[in-house]
Amino acid sequence: MSRSDLARMIDEARRMVVFTGAGISTESGIPDFRSPGGVWSKMKPIYFQEFVGDAAKRREAWTRTFSGTARWTGAAPNAGHHAVARLVAAGKARAVITQNVDNLHQDSGVPADKVIELHGNASYAMCLECEERHELAELKDSFLKAGEIPYCRRCGGLVKTAVISFGQSMPQEPMARAQQASLSCDLFLVLGSSLAVHPAAGFPLIAKRNGALLAIVNREPTELDPYADLVLHEEIGAVMTEVVAA
Ligand code: ZN
């Protein structure tokens, strides 16, 4: 199987879904959190229950956020993100389901309502009570200069980055939208996910069982390679730049 086979599959697709994981963003210099050298090999995750129950943990979490130690955001989209954005702009891809929290699909021009974020978004914060959005830039000064842990400007509730933390339940609305997109597509294209994390890894199989073609581009073999109609173990940016015309 080759890049031209993938180009033909995309050309023939009418209702395509793109699913992205850490591998598309490592090409922007964002380390895979789960890999050796990734953030969780350097620091212990702060579980959701710790954040909610312990002011010292909240302070530690915000310190991490504003010092950039986790390197969750701040990178620029790469050729892979831009190719995905072209697929969406052309009406070819209906949705982008992502395991990433780095906002790089939106930064590359994909409308926010087309991006289904399974693990949230690290580039802004949200009230845990009323879901009011807070921009990190607004919270940063008062935390760094006055040491104030952020609270909601609307209801006074706890504010946390919009990432889904360990111990926090998967968000129902994105999960439902991802399921719907998987059921209604005719091509499910995986870019840069080892497909090892459940329940997210179930979506390609939902699509496949419902008659869609499954294509996987990932540097390493994945658990679902045996089920795929096309597998390329290559760099995403290079492959997608070639198969999606600029
Ligand atoms: Zn609130």
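Just so you know, these numbers use all the heavy atoms, side chains as well, and skip hydrogens, waters and symmetry mates. Source: prediction; values computed, not measured. Position 1 is the first residue of the sequence; numbering continues from there. Each ligand, and each atom within it, is numbered from 1 in the order the structure gives.
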Worksheet item: Sequence neighbours excluded, which residues qualify as side-chain hydrogen bond (donor to acceptor under 3.5 Å, both in side chains) partners of Asp229?
Response: Lys208
Item to complete: Would you please indicate if the ring centroids of Phe66 and Phe143 are separated by under 6.0 Å?
Response: yes
Discussion item. If I take atom CG from residue Asn218 and atom CG from residue Asp225, how far apart are they, to the nearest 0.5 angstrom?
Written reply: 7.5 Å
Worksheet item: Protein N, O or S atoms less than 2.8 Å from the Zn ion (ligand 1), ignoring waters?
Response: Cys127 SG, Cys130 SG, Cys152 SG, Cys155 SG
Discussion item. Does Gln172, at its CD atom, have more than 12 non-hydrogen atoms belonging to other residues, nucleotides or ligands within less than 6.0 Å?
Written reply: no
Worksheet entry | Test item: His105 and His81 side chains (from C-beta on) under 4.5 Å apart, heavy atoms | yes
Discussion item. Just to verify, which of Phe48, Phe51, Tyr47 counts as forming a ring-ring contact (aromatic ring centres under 6.0 Å, His included) with Phe166?
Written reply: Tyr47
